Undergrad: 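One structure follows; several queries about it will come next.
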Protein chains: 2
Amino acid sequence: MSRTLANVAYSTDEKQLANFAKAMGHPVRIQILKLLNAQACCYTGDLTESIPLAQSTISQHLKVLKDAGLIQGEILPPKVKYCLNQDNWTAAGRLFKEIFDFSLSESPAKSCSSDE
Amino acid sequence: MSRTLANVAYSTDEKQLANFAKAMGHPVRIQILKLLNAQACCYTGDLTESIPLAQSTISQHLKVLKDAGLIQGEILPPKVKYCLNQDNWTAAGRLFKEIFDFSLSESPAKSCSSDE
DNA sequence: GGAGTTTATCGTGAATTTACGATAAACTCC
DNA sequence: GGAGTTTATCGTAAATTCACGATAAACTCC
């Protein structure tokens, strides 16, 4: 950490949105989210069957999604059942909607205007 | 690359969405996108003023956003004016809307049902 | 208690990301 | 042509990511 503040104070929303986006920044994790979205829940084993990656790799991706708060795991021995974390999933959807919808609510022209 | 295919064939949409999400996976880049969204366009210099990071760092973040297709730069010597890439921005918005809205269009109960 | 099942964690290596300062590139204006 | 302005790129170092195999942990069932 040098003189320029690497510890900038971003707004909570910006951090949250970036956090969610980062977790979604891999095609395998998108696939997992889509699967969970489509069929409510599933086990790690189900994923290792439909995704041709090592079991440890998939477990790692699940951890990323869990750490970001997008999914949650219910331990149900000897398996673990994963579902979307509905609260955070909804929150993420709202944040994305917010940033994308903003463009629509503004003036439609949106030309590059002011130069200095 | 070993025997398990690291070169899995993801759907184009999944790759696109992951690509956009990854580019959005940093608070500074979210901030930049918000700024561009709010005021149509701006110059690199404007950003270096409002974001306390080295100019080279911000330029790098701009490159990430540009490579992902979310923004575009019009070179206007000696400055460069950045705007959202409206087409891709809209496409990204649609992809995010798609994956998040899916949950809403489905059965509201969404309980963890089928166990094997 | 031992065998089997399922999943997370550890250790590792290659690649990518993030930040910086320094430098080059492109162009204007005197 | 030279000084000044603005921005991208290079080089670098530290940290993180992504994939793997091997191993440990947790629990069931015989």
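Bear in mind the structure is a predicted one, so any value in this text is a computation, not a measurement. Reminder, nothing fancy here: chain letters follow the sequence lines and each chain counts from 1.
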Undergrad: In whole Å, what is the span from the CD1 atom of B/Ile58 to the P atom of C/dT17?
TA: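 For the pair B/Ile58 CD1 and C/dT17 P, the rounded distance is 19 Å.
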
Undergrad: I want to know whether A/Phe96 and B/Phe100 have ring centres closer than 6.0 Å.
TA: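 Yes, ring centres under 6.0 Å apart.
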
Undergrad: If Ile, Leu, Val, Met, Phe, Trp and Tyr residues are connected whenever their side-chain heavy atoms lie under 4.5 Å apart, and connections chain through other members, are B/Val64 and B/Phe20 in the same group?
TA: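 Cluster IDs for B/Val64 and B/Phe20 differ.
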
Undergrad: Ignoring hydrogens, what is the shortest heavy-atom contact between A/Leu36 and A/Cys42? Give both atom names and the distance.
TA: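 Smallest heavy-atom distance, with atoms named: CD2-SG, 3.5 Å.
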
Undergrad: To the nearest Å, how far apart are B/Ile30 CD1 and C/dT18 P?
TA: 12 Å

Undergrad: Give the rounded distance in Å between these two atoms: CG of A/Leu76 and P of C/dT5.
TA: 18 Å

Undergrad: Taking the nucleotide of DNA chain C with the nearest heavy atom to each, does B/His61 or A/Gly45 sit closer to the 5' end?
TA: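 Counting from the 5' end, the first nearest nucleotide belongs to A/Gly45.
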
Undergrad: Counting C-beta onward and ignoring hydrogens, is there a side-chain heavy-atom pair between A/Glu14 and B/Lys34 closer than 4.5 Å?
TA: yes

Undergrad: Just verifying a value: how many Å separate B/Ile51 CD1 and B/Gln31 CD, rounded to the nearest 0.5 Å?
TA: 4.5 Å

Undergrad: Rounding to an integer number of Å, can you tell me how far B/Arg29 CZ sits from C/dT18 C1'?
TA: 9 Å

Undergrad: Of A/Pro78 and A/Gly25, whose nearest nucleotide on DNA chain D comes first from the 5' end?
TA: A/Gly25

Undergrad: Can you give the dot-bracket line for DNA chain C, where a pair is Watson-Crick or G-U wobble with both atom distances under 3.5 Å, crossing pairs use [ ], and | marks a partner on another strand?
TA: ||||||||||||||||||||||||||||||

Undergrad: Calculate the interatomic distance between B/Leu53 atom CG and D/dT7 atom P; express it in whole Å.
TA: 16 Å

Undergrad: Can you tell me which nucleotide in C/dA8, C/dA19, D/dT7 comes closest to the side chain of B/His26?
TA: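 Per side-chain heavy atoms of B/His26, the pick is C/dA19.
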
Undergrad: To the nearest angstrom, how far is B/Leu62 atom CG from D/dT6 atom P?
TA: 16 Å

Undergrad: For the atom pair CD1 (B/Ile71) and CD1 (B/Ile32), what is the distance rounded to the nearest 0.5 Å?
TA: 7.0 Å

Undergrad: Using the 3.5 Å cut-off, write out each protein N or O paired with an N or O of nucleotides 9-16 of chain D and the distance between them.
TA:
none

Undergrad: Within the 4.5 Å heavy-atom criterion, are A/His26 and B/Lys22 side-chain neighbours or not?
TA: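 Not in contact.
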
Undergrad: Taking all atoms of both residues into account, what is the closest heavy-atom pair of B/Asn37 and B/Trp89, and its distance?
TA: ND2-CZ2, 3.6 Å

Undergrad: When the distance from CG of A/Leu47 to P of C/dT6 is rounded to whole Å, what number comes out?
TA: 14 Å

Undergrad: Closest to the A/Thr44 side chain: D/dA19, C/dA8, D/dA8?
TA: C/dA8

Undergrad: Given the rule in the side-chain contact (heavy atoms from CB on, under 4.5 Å) test, do A/Lys97 and A/Arg94 qualify, once you have shown the distances and angles that lead to the verdict?
TA: CA-CA 5 Å; A/Lys97 183 173 160 49; A/Arg94 206 165 21 228; 5.5 Å; no

Undergrad: Can you tell me the distance, in whole Å, between the CD1 atom of B/Ile75 and the C1' atom of D/dT5?
TA: 14 Å

